[in-house]
Amino acid sequence: METVPLVILLCAAVLLCVWFSMIMSSVEVAVGRVTRANLNNMILDIRTSDQSHFSQMKKIDRIHCVQKLIANRFATAGSCFFFRVIFTVFSGVLVSCIANLIEAQMWVQFAAGLAFSFIFAVISVVVRPRTKAVNRPVQTILRYSRVISIAVKLTPFAKISSKRRRQIDNLSDEEELEKIHLEQEKAAIDRIVESDDFDPETSEMLKNVLSMQDTLTREIMVPRTDMFCMERDVTLDESLRMFCRSGFSRVAVIDGSVDEIIGVAYLKDVVRQTAFNKSAGNRSIETVVREPMFVPESKPADDLFHEMQQCRQHVAIVADEYGGIAGMVTIEDAIEQIVGELEDEHDRVNRSEPVKVGDYMWKVPARTPIADIEEIFDLTIDETDVDTAYGLLTKILGHVPIVGSSATDRGLRFTAIDSAGRRKKVSTILVELAAADSASSEFLKYAPGEE
């Protein structure tokens, strides 16, 4: 009978350990989700409320206590983790002590420990302290701020591990918090994608929004090798034909080299100058160019998108780390990272196979390997620098081809006759024997080809 009070006391201690373990578990989650802005807003709301001064100061003191805890949130989370483990293990030890006090057999002690573990797990599943902390992090940490403060004071070694972690990650407290939140958001969206709550396309767009900050401008830009440019001495009339043939409405204007960009020409500016004044067509394109916007190739795609929105720019020139021109990017390139490929009513689908259209005359996709062209015409081109029909035409011309561009090499005439996609890249090339090049005129829909 003398052991009964002690058994009751130990049972109460077990329940207390279970309770403390759940508290530490919930606060461990909440401390990573509370921000300084949340707490500052709460203080402002309290000070402007109709409560008594005593009540206001009491609540504000508690918020100040929480502010100290999140000043080193990782040390606080470490302290909570330490005591959560301690209370969980100690509760099991107490159960063993209770079984020993009542002089139970060994198998009974083992069964009691197993039953306690099962009951503890069921309570954790039903109560779900971590879920409540996720939904109401500020309220959770405010409720137990005094207890957590004592726990932090009793575990100074948690600060050592926190400093070591910062040295390894080289991130500030707020940067680490932002990283955690981003990872949590990505995980939440992954769960949404796996469920049937959202349309798959909507879920994919959500994922793309979060991945934009990990995408650099260099990954979405048009590289300089694919840039279509105009020389500064091109007349407005000539530029109109080049705009029509290329399919672009904004084109970089250069002074002899892509690295010497003097501005960006807009089709609407050229039309505005020439529509009611025919004599203006003899002016140079340089007279209507706009100041280019330059961005580094290492700029995150989301920052690029917001900057172009603020500056009201639709196109930007991308510079590399040495000051040279790496390429060009448009606001549509950034939007495509979210919504996918954009096409309009003028875009055509690229053909997948070469098509014979006459004697010794074939229409081939731009990406057709040179080996296939050799097989079609039964000749050897012997080209090592490029691998496709588009690459060979580009090499022969010395610049990016547009619809109507034509060149002859190795007894074959290559003529760009079609473009596709928002970037208006040449999609179809007419390949024919040079002797039969007169028949190609029916495929040239715009200006005559250039040799």
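Atoms considered below: every heavy atom in the structure, side chains included; atoms not considered: hydrogens, waters and symmetry mates. Start at 1 with the first residue, then count along the sequence.
Side chain to side chain, Thr88 and Ser21 meet the donor-acceptor criterion of an N or O pair below 3.5 Å.
Surrounding NZ of Lys395 are more than 12 heavy atoms belonging to other residues, nucleotides or ligands, all under 6.0 Å away. Residue Phe377 qualifies as enclosed at atom CZ: its count of foreign heavy atoms under 6.0 Å is above 12. At most 12 non-hydrogen atoms from other residues, nucleotides or ligands lie less than 6.0 angstrom from NZ of Lys59. The neighbour count for Gln139 CD, taken as heavy atoms of other residues, nucleotides or ligands under 6.0 Å away, is above 12.
Side chains of Trp362 and Glu432 form no contact here, defined as non-hydrogen atoms less than 4.5 Å apart. Here the side chains of Thr274 and Leu240 are in contact, with some heavy-atom distance below 4.5 Å. Residues Ile43 and His64 are in side-chain contact: their nearest non-hydrogen atoms beyond the backbone lie under 4.5 Å apart. Looking at heavy atoms from C-beta onward, Ile220 lies in side-chain contact with Leu304 at the 4.5 angstrom threshold. At a threshold of 4.5 Å between non-hydrogen side-chain atoms, the residues Val147 and Met24 count as touching. Side-chain contact check for Arg224 versus Asp259: some heavy-atom pair is nearer than 4.5 Å. Residues Thr368 and Ile376 fail the side-chain proximity criterion, which asks for heavy atoms closer than 4.5 Å. Inter-residue side-chain proximity for Val234 and Met242 is flagged as met; some heavy-atom pair is nearer than 4.5 Å.
Heavy atoms only, all atoms of each residue included: Phe116 and Gly92 are closest at CE2-N, 4.0 Å. Nearest heavy-atom pair across Phe243 and Ala265 is CZ-O, 3.7 Å. Across all their heavy atoms, Leu236 and Ala280 have their closest contact at CD1-O, 3.3 Å. Among all heavy-atom pairs drawn from Thr235 and Asn282, the shortest one is CG2-O, 3.9 Å.
Salt bridge status for Asp320 with Arg218: absent, with no side-chain N to carboxylate O gap under 4.0 Å. Using a 4.0 Å cut-off between charged side-chain N and carboxylate O, Glu260 and Arg232 make no salt bridge.
Rounding to the nearest 0.5 Å gives a distance of 9.5 Å between OG of Ser149 and CZ of Arg62. Here the straight-line distance linking atom CE of Met42 with atom CD1 of Ile63 works out to 4.5 Å at 0.5 Å rounding. Taking CD1 from Ile23 and CZ from Phe87, the interatomic distance works out to 8.5 Å, rounded to the nearest 0.5 Å.
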Q) Could you walk me through whether Ser25 and Arg84 pass the side chain to side chain donor-acceptor pair (under 3.5 Å) check? A) CA-CA 6 Å; Ser25 178; Arg84 177 167 65 85; 4.5 Å; no
(Q) For Lys278 and Asp237: C-alpha separation, side-chain torsions, deciding distance, then whether salt bridge (Lys or Arg N to Asp or Glu O under 4.0 Å) applies. (A) CA-CA 9 Å; Lys278 300 300 181 182; Asp237 284 339; over 6 Å; no
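Each of Arg250, Arg283, Arg290 was evaluated against Asp269; a single residue qualifies, Arg290, per the salt bridge (charged side-chain N to carboxylate O under 4.0 Å, His left out) test.
Between Tyr144 and Trp19, the ring planes lie perpendicular to each other; the angle is over 60°, past the 30° to 60° tilted range.
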